[in-house]
Every structure is written in structure tokens, then in C-alpha cells.
Amino acid sequence: MHRRTPAAVESPLFKGLLGAVVVLLGLMENAKSQENTESREVVEWLAPYFPPFHKHPDRGDFGYFDQLHSELIEGLPEYDHRFTQANYSRILYNAKLGRSFCSQALIKTPERAPFFHFSRPIIPMLSQGLIVRTDALPRLPGDQSDPNRPVSLVAVLSSGFGPIGYLKHRTYSKPVDDLLRTYEEDDPENTDLYGSARTNEVLAGMLLTGRLVAILGTASEVDQLTPDQKASKAFTFRPLTETPEYSQLHYACTRDDRGRDIIELLNVRFTELKVQSRAKELYQSTLSGASAERYESVYQRFMAR
């Protein structure tokens with residue numbers, strides 16, 4: 001038997017009231033959502049353009065550590081996140097000015113330490129070295145039979161090996177940074193070094209054309225700078241005696257209360273997401289040949305400390 005709907009329910013007045021209630025509830029929910037969004041603090045993340053690690057995450061172009069970072073901040077819903085591109089010199093300059101921000105994947109250096117809270121180390125990374133034209137290897141000082149044998153940058157510069165390119169805004173390690181600074185100050189007209197304010201992609205072009213015989217960079221950049229299979233054989237990586245075997249990768253936030261809180265939250269997230277394993281997987285995918293073999297032994301020693 002069909003039950004008849006009460007006439008009051010079908011009345012225009014009731015339907016109008018019901019519609020008004022639905023609209024009101026919707027407005028209240030939107031207002032609550034907007035209030036929650038507006039109440040969240042915005043964290044500004046500064047990172048350089050440094051492929052293959054950092055590219056343009058704000059445009060959907062993710063480097064390997066950008067991928068890791070996007071996974072991490074999903075677990076920080078109490079903050080909104082904004083990405084800004086800045087080279088390492090600009091990051092330190094902004095910290096000295098007292099700006100509040102964070103940066104993913106910084107190496108802890110004496111110059112940076114007073115201005116940042118650092119997370120616990122995530123993974124070791126092979127220290128930067130020389131990316132050399134393969135056809136110039138026989139002219140490098142020392143025995144080159146072992147691709148993982150470090151070469152001395154001092155010896156290379158003293159030997160007249162040829163012009164070596166480097167980025168003025170990048171930190172290579174304190175001994176190398178000091179050496180570059182001293183070398184340039186002692187002889188500003190020297191032709192053994194070529195400092196650039198641009199990117200290693202620009203220097204790689206000069207390397208391919210023979211204007212440079214080597215550039216300072218990471219083992220990961222060898223393949224990144226020469227995506228063409230034929231060109232990739234033109235470059236070879238050599239570690240340096242002036243740098244430690246590896247550098248430790250950290251997250252960093254400026255030295256204020258919020259920065260400290262974010263680093264504490266991130267340290268918890270590292271444990272929850274097994275970030276160390278994920279970071280190792282992403283980093284290893286950037287290495288090849290002798291560098292990949294060397295990193296595996298470096299990582300095992302790092303974990304055994």
C-alpha cells in the first residue's frame with residue numbers, strides 16, 4: 001500500500017525552508033574550511049635549480065629529492081607550503097637577513113650552522129669532485145687506472161692541466177672553497193679556473209666544445225649533463241683528495257621557534273616513512289659505473305657508524 005506524503009512536506013514553504021537549511025549548512029562548511037586554511041602557517045621552501053636533485057617542483061617538474069620532499073610534506077598538514085627557487089648563496093644570505101624559511105637537502109657547513117636548525121642526517125652523498133673530459137684523463141696527475149682513486153685538485157691546478165670550471169654560488173667543501181678563493185685572489189687573471197654565476201649545464205656545454213677540460217660537480221651530474229648516450233662517454237668523474245669521502249644530507253630551517261618545530265616534526269616523519277631507504281633509492285638511481293659501486297660501500301660504512 002502506497003503511503004501518501006503529508007501535504008505539509010510537499011508545500012512550497014517547507015521546500016523553501018529545506019533549501020535554505022541546505023544552503024546555510026554549505027556556507028558554514030565552506031567558512032570552516034576557509035578558516036582552517038587561513039589559520040595554517042605558510043612555510044616557504046627554498047632550493048636551488050640543481051638537476052638531477054632539484055628542478056622546478058612549482059611547475060610539476062620534479063628532481064629526485066623534490067619527489068622525496070613532496071612525500072614528506074604530505075605528512076605536515078598543519079602547514080601550507082610554498083616553493084621558491086634560490087641558489088645556495090641566496091639561501092644563506094636570506095638566513096643572515098633573518099627571514100624565516102626552510103630548505104630541503106642542505107649539507108651542514110660551518111658557514112651555515114649558526115643560522116639553521118638541521119635535521120638528523122638522511123643519507124650520505126658522494127662528495128663533489130671533478131667531471132673531466134674523458135680524452136683528457138691521461139693528462140691528469142697521478143695513476144688513473146682506478147676510477148675511484150681520488151685526485152688532488154692542488155696538483156691538477158699546479159700541473160697546467162687546463163681551465164676548470166666551477167660555480168661561484170655553490171659550496172663544494174670548505175677546503176675546496178678556500179682553495180678556489182685563494183687561487184682567484186692570488187691571481188685574478190689566471191687561466192686555470194673559470195668561475196661562473198650560471199649553471200653546470202652551461203659549463204657542460206663548454207666542456208663538450210673543449211673550452212674547458214673539467215668542471216667541479218657531483219657524480220650524479222655526469223649522466224644528467226650528458227643525456228645523449230654518445231656524449232655521456234665524453235665525461236668521467238674523479239673524486240678529490242681535498243674533500244671527505246661523503247657529505248651528509250640534512251633538512252634545515254632558520255633558527256626560530258617555528259623552524260625548530262618543523263625540524264622536530266620532520267625527524268619523526270623520517271622514521272615513519274623510512275625516508276632513509278627512500279632517499280638512498282632515489283640517490284642511487286642517479287649514479288652509474290664506478291660511482292655506483294663506490295657509493296654502496298660508502299653507504300654501508302655510514303650505516304655501521
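Because the structure is a prediction, the values reported are computed rather than measured.
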Distance-only, no hydrogens or angles: does the [X] side chain make a donor-acceptor pair with backbone N or O of [Y] under 3.5 Å?
X: Glu242; Y: Leu153; result: yes
X: Asp177; Y: Tyr172; result: yes
X: Arg139; Y: Phe161; result: yes
X: Thr254; Y: Asp256; result: no
X: Arg255; Y: Phe116; result: yes
X: Arg170; Y: Tyr88; result: no
X: Thr286; Y: Leu282; result: no
X: Asn200; Y: Leu225; result: no
X: Arg238; Y: Pro150; result: no
X: Glu111; Y: Lys108; result: no

Within the 4.5 Å heavy-atom criterion, are [X] and [Y] side-chain neighbours or not?
X: Tyr194; Y: Met206; result: yes
X: Leu157; Y: Asn190; result: no
X: Phe83; Y: His54; result: no
X: Leu240; Y: Leu130; result: yes
X: Gln144; Y: Val151; result: yes
X: Thr243; Y: Pro175; result: no
X: Tyr64; Y: Ser220; result: no

Identify the two heavy atoms, one from [X] and one from [Y], that lie closest to each other, and give their separation to 0.1 Å.
X: Phe118; Y: Leu106; value: CE2-CB, 4.3 Å
X: Ala219; Y: Leu126; value: CB-CD1, 4.4 Å
X: Ser100; Y: Arg258; value: OG-NH2, 3.2 Å
X: Arg149; Y: Asp143; value: CD-O, 3.4 Å
X: Ser288; Y: Asp223; value: OG-OD2, 2.9 Å
X: Ser291; Y: Leu287; value: O-CD1, 4.1 Å

Does [X] belong to the same Ile/Leu/Val/Met/Phe/Trp/Tyr cluster as [Y], with side-chain heavy atoms less than 4.5 Å apart forming each link?
X: Ile131; Y: Val202; result: no
X: Leu265; Y: Phe101; result: yes
X: Met125; Y: Phe302; result: yes
X: Tyr79; Y: Phe270; result: yes
X: Ile107; Y: Ile91; result: no

Subject >> Whether Phe53 and Phe50 hold their rings parallel, tilted or perpendicular, with breakpoints at 30° and 60° >> reply: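 Because their plane-to-plane angle is over 60°, the rings of Phe53 and Phe50 count as perpendicular.
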
Any salt bridge linking [X] with [Y]? Criterion: basic side-chain nitrogen under 4.0 Å from a carboxylate oxygen.
X: Asp61; Y: Arg59; value: no
X: Asp178; Y: Arg181; value: yes
X: Arg260; Y: Asp257; value: yes

[X] [atom1] to [Y] [atom2] distance, which is reported to the nearest 0.5 Å:
X: Cys102; Y: Glu44; atom1: SG; atom2: CD; answer: 9.5 Å
X: Arg278; Y: Ile122; atom1: CZ; atom2: CD1; answer: 13.0 Å
X: Glu221; Y: Gln128; atom1: CD; atom2: CD; answer: 7.0 Å
X: Glu74; Y: His81; atom1: CD; atom2: NE2; answer: 9.5 Å
X: Ile164; Y: Thr191; atom1: CD1; atom2: OG1; answer: 11.0 Å
X: Trp45; Y: Asp66; atom1: CH2; atom2: CG; answer: 12.0 Å

Subject >> Whether over 12 other heavy atoms sit under 6.0 Å from Arg99 CZ >> reply: yes

Original post:
Under 6.0 Å from the CZ atom of Arg198, do we count more than 12 heavy atoms belonging to anything else shown?
Top reply: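 No, CZ of Arg198 has 12 or fewer neighbouring heavy atoms, counting only those of other groups under 6.0 Å.
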
**OP:** Using the side-chain contact (heavy atoms from CB on, under 4.5 Å) rule, take Tyr283 and Phe65 through it: C-alpha gap first, then chi angles, then the decisive distance, then the call.
**Re:** CA-CA 8 Å; Tyr283 179 62; Phe65 289 151; 4.2 Å; yes

**OP:** Show your reasoning for whether side-chain contact (heavy atoms from CB on, under 4.5 Å) applies to Leu207 and Arg133.
**Re:** CA-CA 7 Å; Leu207 197 57; Arg133 282 183 61 97; 3.7 Å; yes

Answer with yes or no whether the side chains of [Y] and [X] bring together a donor and an acceptor at under 3.5 Å.
X: Gln300; Y: Glu296; value: yes
X: Gln224; Y: Glu201; value: no
X: Tyr183; Y: Asp192; value: yes
X: Glu245; Y: Ser127; value: no
X: Glu184; Y: Tyr166; value: yes

Subject >> Verdict with reasoning, Leu179 to Thr182, per side-chain contact (heavy atoms from CB on, under 4.5 Å) >> reply: CA-CA 5 Å; Leu179 175 62; Thr182 300; 5.6 Å; no

Original post:
Which is it for Glu293 and Ser297 under the side-chain contact (heavy atoms from CB on, under 4.5 Å) test, yes or no, and what are the steps along the way?
Top reply: CA-CA 7 Å; Glu293 296 172 8; Ser297 62; over 6 Å; no

**OP:** Check His69, Arg120, Arg269, Gln104 against Tyr251 for a side chain to side chain donor-acceptor pair (under 3.5 Å) and give me the one that passes.
**Re:** His69

